[in-house]
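Each remark here refers to the structure printed beneath this line.
As the structure lists them, so they are numbered: ligands from 1, and atoms in each ligand from 1. Fair warning: this is a prediction, and the values are worked out from it, not measured in the lab.
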Amino acid sequence: MGNKIGLIGFGVVGQGYYEIATKDGKNLEPEFIAVKSREKLRPQGINFQYDLEKILEQSGIGIELISETEVAYEIAIKLLEAGKTVISANKKLVAKHLPELLKLERKHGGKFLYEAAVAASIPVLSNISTQYQGDEIEVIQGILNGSSNYILSKIQQENQSFKEALKGAQENGYAEADPTFDINGSDVASKLCILSAHAFGVHLEEKSIPCIGIDHLKAEDFLLAKLSGGKIKLIAQCSKIEGKITASIYPTVVGPNHSLSPVEYEYNAISITSKNVGLQNFQGKGAGGLATGAAVYSDLAKSNSGFQYELVKKGLKKEYAHPASSEQQFVISADSKVLDDNFPYHRKYSFEGKSYVLGSFSSNHVEKLRLKIFESDGSILAIDKNISLDKIAQHFEFKALEFAEE
Ligand code: HSE
């Protein structure tokens, strides 16, 4: 068997890795390539195989790059139980099954590397593993989905419609085959689970993270961001404050001085604040065949020189934990009754048939109301702490006055 490499899946990322491996000439190209469908049109001159079981048996290293999470799970289990190496870009697989896969890795002496699963080309997990020893990470903030960032850039920089921009993200190979998780924030939630496990040793249950994607955003939200001198970014945050882990994902209005404001199109970025180092920013392509394939290829090279994440030694402190509630500024629009009933003491404005509330609210409170808000065709927009709600209130007061005068 030796260290024969079996590649499972030949989609956008598989092809990216394959292109790099065949060009680099360091004997890190796959011996076998397993694909599911015999009917699909594929590049000529490559020997595709269809017997997955046989390939898993014959490979010492399995590079799993398929989209079906449960099949990926079966593959990872089988390889790790045999003490083999698994390399994956599947964030759903890692976010859901990390505790179990870590245990198998430790028990059977295999290796499990998945740098490409978080922010594609940015080596953030390896960095946390190697560069933050003796340090304590306090806050992680990031843009973690290339497709949604691409869509937001296309809308805000180029006036494209959501539909057009999504089509562009699909055509460029940034979006998943089914883009639902790219636009509803679920993809980001998976990545945040993995980051929390590596940074804090606390593996969060994905569903417990308050998470709103870009799919509910409306033209008026973009206008509001513009009027406040900022733009909307899908910001994920995770922090450890007084021993409590917080986590949330919200479309957020950020001002021009925010470190994530200049990150456009398919780029991702991650800001890490730690006790010893202070703030460090990492930025790079967060999606795309070559960018993600490069991370897979590097994992392969690293696994050959014995690299393993620190997490394997340290283990997880908590599995399937729920984040604590955190507080931040919001502008929420909804039916006026929903707002009056649930935000009785905050600034509210009504005009053009819509009602808005401005204030600092807890993520738990917002989460409880999200269904009601979206059912009444409303929206939830977080406002970065460096943008003054008073300034936004001025805009609303002006609009309300204008509307009353009409
Ligand atoms: N669809 C993902 C994204 C790919 O757009 O970020 C990388 O995880």
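Taking every heavy atom of both residues into account, S239 and T246 meet most closely at OG-OG1, 2.6 Å.
Contact annotation for K191 and ligand 1: only side-chain heavy atoms (C-beta onward) come within less than 4.0 Å of the ligand. Of all the heavy atoms of N145, the ones lying under 4.0 Å from any atom of ligand 1 are found in both the backbone and the side chain.
Below 4.0 Å from some heavy atom of Y174 lie the following atoms of ligand 1, by number and element: 1 (N), 2 (C), 3 (C), 4 (C), 5 (O). Those atoms of ligand 1 that come under 4.0 Å of a heavy atom in G146, given as number and element, are 3 (C), 5 (O), 6 (O). Against a heavy-atom cut-off of under 4.0 Å, G286 is close to the following atoms of ligand 1: 6 (O), 7 (C). Residue contact check: D182 has heavy atoms under 4.0 Å from atoms 1 (N), 2 (C), 3 (C), 5 (O) of ligand 1.
Using a 30° and 60° split on the angle between ring planes, Y114 and H198 fall in the perpendicular class, above 60°. Taking the six-membered ring where tryptophan is involved, the planes of F361 and F343 are tilted, since the angle between them lies from 30° to 60°. Ring planes of Y349 and F396: parallel class, angle under 30° (limits at 30 and 60°).
With respect to E319 and K103, a salt bridge is recorded, a charged nitrogen being found less than 4.0 Å from a carboxylate O.
Judged by distance alone, with hydrogens and angles left aside, the side-chain atoms of T252 form no donor-acceptor pair with the main-chain N or O of V254 at under 3.5 Å.
On a distance-only criterion, S147 and ligand 1 share at least one N/O pair closer than 3.5 Å. Inclusion of A120 in the set of residues having an N or O under 3.5 Å from an N or O of ligand 1 is not warranted.
Remark: minimum distance from atom 8 (O) of ligand 1 to any protein heavy atom is reached at K91 NZ, 2.7 Å.
The residue from E176, K285, Q170 that puts a heavy atom closest to atom 2 (C) of ligand 1 is E176.
Side chains of R370 and I212 form a contact here, defined as non-hydrogen atoms less than 4.5 Å apart.
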